[in-house]
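Quick note: numbers below take in every heavy atom, side chains included, and nothing from hydrogens, waters or symmetry partners. Since we're looking at a predicted model, the values are computed, not measured.
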Amino acid sequence: MRKDMVNTVIEKTRQIIESFWNKEVEPLDDFLSDEVIYIGPFSGQFVHGKKETLDLLKGTRDELTSCELRNEEFYPIVNENHTCVVCGRYISMSNKNNKELFYQGQRVTVIWVLTKDKELKITHIHLSSGNKYYNGNKEFPQGLSKLAYNYLQDQIYANKNNDLIHVKDDKKQIRLISLGDIEYAMALGHDTVIYMNNENIHAKITWKNFLELLDNRFIQVHRSYVIQKSCVKLIGKKFLEMQSGDKIPVPAKNMKSVFYTLTQKKEKGQ
């Protein structure tokens, strides 16, 4: 497929997955081929045919928790002739109005074909993660405990009632930092350099531990860089320009997902 067509199927994949987690199966109707094969995460969820796939999804959507997508990444792993295979990963997080706690990593594979009539059709969908949640349960199962903790942290930070983190600087002083003041950060050996509105701090904290202090206002765009999304002024071909004028490198393989994350945020006015 042409590059513009590949970009289209990536965006259509994202839109379809977003609709699925909002319990909207109907958008799939326009894209499923008559011979589509759907594989879901649970026993018995292997069906062949458009009607059978739609019936299965409609029959199980009431079991879903309405979710929004976070940290979406979609890539065309195969693009040959009239076929494009899109693989993606993301986190589905229950909407704030839900009384159900759900925060889980998901995987998806979608195969698109361009028909002789120049129509884009889906011949295969594979959802490899399920929808399991706990309502009113005081204990989280071990497999979800870390994700559940991250979900709660997101909610705390979203309320901006706990915006402070503390790190030790290179003079062994404890520094209190508001996350809202961080423009970006960079890994430096075993340490982290934090760039803020009015100063830079050489923090004696590992990159991994520092990333765990951040919330969903931040996105890691490079192995050694994380930025606050609201501080991006310009999206270049291979870099992001921050409000300070600093330019952050972005590998070509990451630029597509970074672009979607940044522009989606702006479209939704978050």
- Do Arg217 and Asp215 meet the salt-bridge criterion of a basic N to acidic O distance under 4.0 Å? yes

- Assess whether side chain to side chain contact (heavy atoms under 4.5 Å, CB included) is satisfied between Ile125 and Leu28, documenting all intermediate values. CA-CA 11 Å; Ile125 302 176; Leu28 269 172; 3.9 Å; yes

- Under a 4.5 Å cut-off applied to non-hydrogen side-chain atoms, are Val110 and Ile16 in contact? no

- Item | Beyond-backbone contact of Glu11 with Tyr260, side-chain heavy atoms, under 4.5 angstrom | yes

- Task: Step by step, work out the side chain to side chain contact (heavy atoms under 4.5 Å, CB included) result for Ile205 and Asp191.
- Result: CA-CA 5 Å; Ile205 183 174; Asp191 301 336; over 6 Å; no

- Report yes if the side chains of Val85 and Trp112 come closer than 4.5 Å at any heavy-atom pair, otherwise no. no

- Item | Ser92 versus Gln106, side-chain donor and acceptor atoms under 3.5 Å | yes

- Item | Minimum heavy-atom distance between Phe210 and Ala185, given as atom pair plus value | CE2-CB, 3.4 Å

- Does the side chain of Val86 come within less than 4.5 Å of Tyr75's, by heavy atoms? no

- For salt bridge (Lys or Arg N to Asp or Glu O under 4.0 Å), just list the numbers for Asp4 and Arg2, CA-CA rounded to whole Å, side-chain angles, deciding distance to a tenth of an Å, and then say yes or no. CA-CA 6 Å; Asp4 60 330; Arg2 301 189 313 268; 3.1 Å; yes

- Message: Measuring from atom NZ of Lys23 to atom CG of Leu57, what distance do you get when rounded to the nearest 0.5 angstrom?
- Response: 13.5 Å

- Query: Could you give the distance from CD (Gln15) to OG1 (Thr8), rounded to the nearest 0.5 Å?
  - Reply: 9.5 Å

- Item | Ile177 side chain near Ile201 side chain, heavy-atom distance below 4.5 Å | yes

- Message: What I want to find out is whether Glu73 reaches Arg107 closely enough, with some N-O distance under 4.0 Å, to be called a salt bridge.
- Response: no

- Crowding at CG, Asn81 (>12 non-hydrogen neighbours, <6.0 Å): no

- Would you say the side-chain atoms of Glu52 pair up with the backbone N or O of Asp55, donor to acceptor, closer than 3.5 Å? no

- Item | Option among Val221, Asn71, Ile219 that satisfies the side chain to side chain contact (heavy atoms under 4.5 Å, CB included) test with Thr261 | Ile219

- For residues Val250 and His222, determine if any side-chain heavy atom of one lies less than 4.5 Å from a side-chain heavy atom of the other. no

- Decide side chain to side chain contact (heavy atoms under 4.5 Å, CB included) for Met5 and Leu120; before the verdict, give the C-alpha distance in whole Å, the side-chain angles of both, and the deciding distance to 0.1 Å. CA-CA 9 Å; Met5 193 70 72; Leu120 286 170; 3.8 Å; yes

- Got a second to check how far Cys231's SG is from Tyr195's OH, nearest 0.5 Å? 14.5 Å

- Task: Report yes or no: does Asn79 contribute a side-chain atom to a donor-acceptor pair with the main-chain N or O of Met1 at less than 3.5 Å?
- Result: yes

- Query: Can you get from Met255 to Val6 by hopping between Ile, Leu, Val, Met, Phe, Trp and Tyr side chains that sit under 4.5 Å apart?
  - Reply: yes

- To the nearest 0.5 Å, how far apart are CG in Asn254 and CZ in Phe259? 15.0 Å

- Query: Once you round to the nearest 0.5 Å, how far does CD1 of Ile165 lie from CD1 of Ile182?
  - Reply: 4.5 Å

- Message: Checking the side chain of Asn22 only, and the main-chain atoms of Glu24 only, is there a donor and an acceptor separated by less than 3.5 Å?
- Response: no

- Just wondering, more than 12 heavy atoms not from His48 lying within 6.0 Å of its NE2? yes

- Message: Apply salt bridge (Lys or Arg N to Asp or Glu O under 4.0 Å) to residues Glu199 and Arg175 and explain how you reach the verdict.
- Response: CA-CA 12 Å; Glu199 66 174 323; Arg175 305 293 295 270; 2.8 Å; yes

- Message: Atom CZ of residue position Arg61 - does it have more than 12 heavy atoms of other residues, nucleotides or ligands inside 6.0 Å?
- Response: yes

- Tell me, do Glu183 and Ile194 make a side-chain contact under 4.5 Å, heavy atoms counted? no

- Query: Backbone N or O of Ile111 within a donor-acceptor pair of the His124 side chain at under 3.5 Å?
  - Reply: no

- Take Tyr225 and Gln220 through the test side chain to side chain contact (heavy atoms under 4.5 Å, CB included) and record every step on the way to the result. CA-CA 6 Å; Tyr225 288 90; Gln220 186 172 0; over 6 Å; no

- Message: With a 3.5 Å distance limit and no angle check, can you tell me whether Lys204 reaches the backbone of Thr192 through a side-chain donor-acceptor pair?
- Response: no

- Taking atom CD of Glu26 as the centre, does the number of heavy atoms from other residues, nucleotides or ligands within less than 6.0 Å exceed 12? yes

- side chain to side chain donor-acceptor pair (under 3.5 Å) between Tyr184 and Asp246: does it pass, once the steps are laid out? CA-CA 10 Å; Tyr184 69 95; Asp246 292 349; 2.7 Å; yes

- Message: Quick one: does any side-chain atom of Gln228 pair with a main-chain N or O of Leu179 as donor and acceptor, under 3.5 Å?
- Response: yes

- More than 12 heavy atoms from other groups under 6.0 Å of NE2 on His202: yes

- Note on the structure: Which of Leu240, Ile248, Val232 passes side chain to side chain contact (heavy atoms under 4.5 Å, CB included) with Val258? It is Leu240

- Item | Side-chain (Trp207) to main-chain (Gly189) donor-acceptor, under 3.5 angstrom | no

- Item | Side-chain heavy-atom pair Leu69, Ile91 within 4.5 angstrom cut-off | no

- Query: So, are Lys50 and Asp29 salt-bridged, with charged N and O less than 4.0 Å apart?
  - Reply: yes

- Query: Quick one: do Arg70 and Glu72 make a salt bridge, cutoff under 4.0 Å?
  - Reply: no

- Message: Quick check: is Phe20 connected to Ile37 through a chain of hydrophobic side chains (ILVMFWY, heavy atoms under 4.5 Å apart)?
- Response: no

- Message: When you group the ILVMFWY residues by side-chain heavy-atom contacts below 4.5 Å and let the links chain together, are Leu262 and Ile10 in the same group?
- Response: yes

- Query: For the atom pair CZ (Arg89) and OG (Ser128), what is the distance rounded to the nearest 0.5 Å?
  - Reply: 12.0 Å

